[in-house]
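For the numbers below, each heavy atom of this structure counts, side chains included, while hydrogens, waters and symmetry mates do not.
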2 protein chains.
Amino acid sequence: MTSDESSDGPATDRAAFDALVEASFAVQGLLGRTADRHRLSLTQLRLLGILRDREPTMLDLARHLQLEKSSASGLIDRAEQRGLVIRKPGAQDRRTIRVAITPDGRKLIRRTERALAQPAAELLAPLTPRQRRQLTGLLRDLLGPDPLPSS
Amino acid sequence: MTSDESSDGPATDRAAFDALVEASFAVQGLLGRTADRHRLSLTQLRLLGILRDREPTMLDLARHLQLEKSSASGLIDRAEQRGLVIRKPGAQDRRTIRVAITPDGRKLIRRTERALAQPAAELLAPLTPRQRRQLTGLLRDLLGPDPLPSS
DNA sequence: TATTGTTATACTCTATAACTATA
DNA sequence: TATAGTTATAGAGTATAACAATA
């Protein structure tokens, strides 16, 4: 396999990407199952996560979640009906509304995040602490800087 | 073990899991966008990937995709209407049917996989070849053996 | 005119429950 | 009775297009 490794673009890339795809399904499955147990969809879990420390407009939200604005409307409709978020009138621009998490929503996201700790630990169990740090570093290099804080 | 490593569960775990979650959204987004361009949902992409080298029964398929059997029925209905898969009668047990990919389905999954190579390479671009191999190794340790070949 | 958000409509994906056919 | 699969039904999530209110 030395010739493999010396030329090592395509095969290495393919293996790395396949591993990432498998890992992504494992992680999404874990997130989805945990959210499900708390009667949340994955999208709603992301929504509440975003709203923990922000009160974005509908358009901000749609951009963060990569949704059409009409899809964001429906998402907020359903979350609002469940009492997890509220629509608040925008201050300057009266066309806008701001979406805020409610105390109930905050409780739910906290509970769900706590519940996430155990399956997360189980997922990471096969790795040593050193390997976990290595993995974190590699994934951070892969992902680059977090885009959310800026916008 | 240094004192760092002996204490270092929760914070390290949290950072590693957060990085995995972010990476999973990045990978799923990439997969979803590429599938979308080929008029496939993520589930259909997985379906065709499974069918490349298997002719599972509906129940096998439901298990592989972690779906209820009725959900698998609908999924196959839609894929069959598009000519991507066919239902074939099962051999011994006449209650079963086997799902097979069609030539059109095979063409489509091939095209989609080829289209995936470029964004995959872009995603991996920040890592050196050595880092890619490291990442692959870590993720394989994390995921354990592939469960599909056995079942 | 342009932008923000909602509504109307349609489709995919998913689940639960009831059903048919075969074992 | 038990299992494999389908159908009926419902709801979430998503998109496109048309619309209202505000800028």
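One side chain, B:T57 or B:D60, offers a donor N or O that lies under 3.5 Å from an acceptor on the other.
Looking at the side chain of B:S71, the nearest of the listed nucleotides C:dT14, D:dT7, D:dT16 is C:dT14. Closest contact between the side chain of A:R95 and the listed nucleotides C:dT6, D:dT6, C:dT3 involves C:dT3. With C:dG5, C:dT6, D:dG5 as the candidates, the nucleotide lying closest to the side chain of A:R87 is C:dT6. Across D:dT16, C:dG5, C:dT16, the shortest atom-to-atom separation from the side chain of A:I97 is found for C:dG5. Proximity note for B:T96 (side chain, C-beta onward) versus C:dC13, D:dT14, D:dG5: the nearest is D:dG5.
The base of C:dT22 does not come close enough to the side chain of B:R94 for any donor and acceptor atom to sit less than 3.5 Å apart. Side-chain atoms of A:S70 and base atoms of D:dT16 include a donor and an acceptor less than 3.5 Å apart.
Within the nucleic acid shown, A:R98 has no heavy atom closer than 4.0 Å to any nucleic acid atom.
Rounded to whole Å, the distance from CD on A:Q28 to P on C:dC13 is 16 Å. Remark: P of C:dT4 and CG of A:L67 are 16 Å apart, rounded to the nearest angstrom. The distance between atom CZ of A:R82 and atom P of D:dA12, rounded to the nearest whole Å, is 9 Å. Computed from coordinates, the A:Q66 CD to D:dA15 C1' distance equals 15 Å when rounded to whole Å. Separating the CZ atom of A:R63 from the P atom of C:dT3 is a distance of 12 Å, rounded to the nearest angstrom. Protein atom CG of B:L65 is 14 Å distant from nucleotide atom P of D:dG5, rounded to whole Å. Distance, B:I76 CD1 to D:dG5 C1': 12 Å, rounded to whole Å. D:dT3 atom C1' lies 7 Å from atom NZ of B:K69, rounded to whole Å.
A donor-acceptor pair is defined here as one N or O able to donate and one able to accept, closer than 3.5 Å; no such pair exists between the side chain of B:Q134 and the backbone of B:Q131.
Nucleotides of DNA chain D nearest to B:M58 and A:L40 differ in position, and the one nearer the 5' end is that of B:M58.
Contact between the side-chain N/O atoms of A:T43 and the OP1/OP2 oxygens of D:dT14 is found at a separation under 4.0 Å. For B:Q44 and C:dC13, the shortest distance from a side-chain N or O to OP1 or OP2 is below 4.0 Å.
A:L108 contributes atom CG, which lies 10.5 Å from atom CD of A:E113 (distance to the nearest 0.5 angstrom). How far CD1 of A:I50 is from CG of A:L45: 10.0 Å, rounded to the nearest 0.5 Å.
Taking a cutoff of 4.0 Å between a charged side-chain nitrogen and a carboxylate oxygen, B:R133 and A:D13 do not qualify as a salt bridge.
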